[in-house]
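It should be emphasised that the depicted structure is a prediction, and the values quoted were computed from it without experimental measurement. In the text below, chain A, chain B and the rest are named by the order of the sequence lines, each starting its count at 1.
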Amino acid sequence: MAYWLLKSEPDVYGIRDLERQKTTVWDGVRNYQARNFLRAMQVGDLVFFYHSSTAFPGIAGLCRVIETEVVDPTQFDPRSDYFDPQSRPDAPRWWTVRVQFVQAFANVLGLEVLRQHFSPDELWTLRRGNRLSVMPVKEAVARKILELAQT
DNA sequence: GCCAACGTTGGC
DNA sequence: GCCAACGTTGGC
């Protein structure tokens, strides 16, 4: 089983939205590196839910991959912000996963706490200028995050 | 709102 | 294939 991190702006879609919906298709990713990570996910993988572009950025909760190789439907929707006119239904460009809510952390693990425990190379969200919205998390780092979240 | 950092685009 | 210009991201 692998661990990952997904970024989202809570004003658009936060951990509480996922809690309410229970599951969601993680649509709208339009970056090839991020897409490749999405395609590498396996059912059962654990995913940290990161809140970005908000007053208290940080890791807000946990979810789990429950379906892989999902074709992102927004790429074919002309009214969607994520419409990709160059993507063909017989050869979709953008693939994603469906995730299921697991837990909202009692307290968001903010950047200050994360920086105390991890280097930018261990946790890529800490890298300056990092814009990648889907990234892998090493098991040792994931275990530590889970430990921090319970305290 | 600012601005540094990054990915993408497009002219050549 | 290069690279400057541009648009976007995201912390502050």
With Phe48(A), which of Thr125(A), Val141(A), Ile145(A) fulfils side-chain contact (heavy atoms from CB on, under 4.5 Å)? Ile145(A)
Check the distance between dC12(C)'s C1' and Glu112(A)'s CD and give it to me in whole angstrom. 13 Å
Is Glu69(A) paired with Arg39(A) through a side-chain N to carboxylate O contact shorter than 4.0 Å? yes
Asp72(A) bridged to Arg35(A) by N-O distance under 4.0 Å: no
What is the distance, rounded to the nearest whole Å, between atom CG of Asp11(A) and atom P of dG11(C)? 13 Å
Could you give the CG-to-P distance, from Leu126(A) to dG10(C), as a whole number of Å? 14 Å
Could you tell me how far apart Glu9(A) (CD) and dG10(C) (P) are, to the nearest whole angstrom? 7 Å
Trp124(A) CH2 - dG10(C) C1' separation (whole Å): 18 Å
From C-beta outward on Asn31(A), which listed nucleotide comes closest to its side chain: dG10(C), dT8(B), dC12(C)? dT8(B)
Rounded to the Å, how far apart are Tyr32(A) OH and dT9(B) P? 8 Å
Would you tell me if any nitrogen or oxygen in the side chain of Ser52(A) comes within less than 4.0 Å of OP1 or OP2 on dG10(C)? yes
Ser53(A) side chain, from C-beta outward: closest of dC12(C), dG10(C), dA4(B): dG10(C)
Euclidean distance, atom CG of residue Leu132(A) to atom P of dG11(C) [Å, nearest integer]: 13 Å
At less than 4.0 Å, is any side-chain N or O atom of Tyr50(A) found next to OP1 or OP2 of dG11(C)? Yes or no. yes
Pick base, sugar-phosphate or nothing for Arg35(A), based on heavy-atom distances below 4.0 Å to the nucleic acid. nothing
Is it true that Phe49(A) and Trp4(A) have ring centroids separated by less than 6.0 Å? no
Distance, rounded to the nearest Å, where Asp84(A) contributes CG and dT8(B) contributes P: 12 Å
